[in-house]
Amino acid sequence: MTTLANDAFPNPAKGEPFLLTPGPLTTAFSVKEAMLRDWGSWDGDFRAMTKSMCDQLVALAGDTSGEFVCVPMQGSGSYCVEALLGTFVPRDGKVLVLANGAYGLRAAETMRYLDRAYTLIDNGDYMPPRGDEVAAALAADPAITHVIAIHCETSSGILNPVAEISEATYAAGRKLLVDSMSAFGAMDLDVRRIRYEAMVSSANKCIEGVPGFGFVIARKSELEACKGNSHSLSLDIHAQWTTMVKTGQWRYTPPTHVVAAFLEALRLHAAEGGIAGRGARYAKNRDVMVAGMRELGFETLLKDRWLSPIIVTFFCPADPKFVFTEFYERMKSKGFIIYPGKLTVVESFRVGCIGRMDEAVMTRVVQAAKESLTEMGVSSAAPSAAAIAERAKLAA
Ligand SMILES: *Cc1c(COP(=O)(O)O)cnc(C)c1O
């Protein structure tokens with residue numbers, strides 16, 4: 001059993017529910033406790049904290065040769081995606097955006113705001129971008145300089161084939177950027193196995209910190225060439241990096257308490273066995289939860305091959321007595337916050353597997369879903385025929 005110590009959990013007696021959401025998520029008590037003091041942003045103690053954090057993150061990306069650097073950036077994940085695109089894509093560059101959900105579309109929207117050229121492959125709610133599709137798009141347009149891929153598209157929970165996308169990108173002589181926001185720390189994105197120039201993630205996803213900053217892990221030689229690309233003073237990753245190298249400081253006020261919490265989260269991550277250990281717990285969370293939900297009659301949007309251990313989309317039951325908002329409130333009253341779905345075609349909801357939770361908690365989630373259905377008078381959790389037909393479009 002992949003179980004956690006009891007003191008890791010939120011306190012239901014105090015009315016604190018588990019967040020079955022992809023961040024902010026349920027954090028360990030010790031992570032929250034780490035914030036109970038103040039740090040001076042320029043002080044040596046805090047500079048050492050920043051350095052330790054960056055060194056640990058580069059190591060998690062598998063870099064052992066000093067080829068990669070980590071640059072933290074204030075703000076939520078989207079700020080950091082904007083910083084990534086604005087810094088790494090030259091003003092006369094062109095990006096192929098691979099979208100199969102809300103976060104891919106947000107990357108395209110970011111390009112529009114940046115007023116830089118891009119081409120969008122929009123595969124709808126979840127259909128994964130495949131290597132041959134990427135190869136064809138790159139062959140058709142020699143102006144494309146970069147590809148941006150979403151590692152786990154959190155809006156459906158699909159795990160996109162980044163290795164395949166990376167191969168197609170570099171075979172065509174272009175460069176890959178990865179939004180691994182909801183995957184890094186639990187899924188492999190090792191620079192020795194998957195080639196990319198830079199990836200971005202944030203504090204409040206699989207490392208299980210609290211929200212407040214994100215970070216870019218980038219090939220140093222690539223970052224060095226990015227001076228002057230950025231459209232934004234505060235979101236310039238190159239400027240943030242050069243200041244950090246020179247002074248050890250963030251350029252503007254850092255989220256000191258969030259960094260302290262994140263260091264404790266990194267300690268727990270290492271104690272759990274790093275990426276492999278964290279990924280195994282999340283996979284177990286998913287397996288126990290999905291099996292239990294299927295037993296109740298619920299069906300997943302994705303076939304097993306595409307199910308990430310991050311978050312799972314379920315179709316809403318076809319039974320007219322099922323109303324999502326009511327189901328949500330009933331789950332909440334039992335101590336579990338679930339997440340609305342983001343599909344445009346059929347009704348759905350999502351259950352996250354990440355955060356400070358283990359299989360014993362996931363078993364209770366299934367029990368709470370069962371009781372909620374009974375209370376609502378829903379006799380079957382089976383989805384509509386339209387939902388099943390939708391899923392049939394996806395390869396096994
Ligand atoms: C969470 C997430 C983001 C960033 O979202 P914020 O709400 O700005 O933190 C970006 N991409 C993916 C894939 C995500 O899961």
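As the structure lists them, so they are numbered: ligands from 1, and atoms in each ligand from 1.
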side-chain contact (heavy atoms from CB on, under 4.5 Å) involving A198 - partner list, sequence neighbours excluded: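 With neighbours one apart ignored, the set is L84, F88, L177, V216, A218.
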
With sequence neighbours left out, write down each residue that passes side-chain contact (heavy atoms from CB on, under 4.5 Å) with P142, or none if nothing qualifies.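 Residues passing side-chain contact (heavy atoms from CB on, under 4.5 Å) with P142: none at all.
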
Do E359 and T363 get their side chains close enough for a donor-acceptor pair, meaning under 3.5 Å?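 Side-chain D/A pair, E359 to T363: absent.
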
Identify, with sequence neighbours excluded, every residue that meets ring pair (Phe, Tyr, Trp, His ring centres under 6.0 Å) alongside F298.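 So F298 forms a ring pair (Phe, Tyr, Trp, His ring centres under 6.0 Å) with F349.
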
Do E67 and R219 have side chains that get closer than 4.5 Å, going by heavy atoms?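 Sidechains of R219 and E67: in contact.
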
Where does ligand 1 get N/O contacts under 3.5 Å from the protein, atom by atom?
| unit_1 | atom_1 | unit_2 | atom_2 | d |
| --- | --- | --- | --- | --- |
| ligand 1 | 8 (O) | S76 | OG | 2.5 |
| ligand 1 | 8 (O) | G77 | N | 3.4 |
| ligand 1 | 8 (O) | S78 | N | 2.8 |
| ligand 1 | 8 (O) | S78 | OG | 2.6 |
| ligand 1 | 9 (O) | G77 | N | 3.0 |
| ligand 1 | 11 (N) | D179 | OD1 | 3.4 |
| ligand 1 | 11 (N) | D179 | OD2 | 2.7 |
| ligand 1 | 15 (O) | T154 | OG1 | 2.4 |
| ligand 1 | 15 (O) | K205 | NZ | 2.7 |

Considering all heavy atoms, the nearest H231-R116 contact: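 In this case the closest contact between H231 and R116 is N-NH2, 3.5 Å.
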
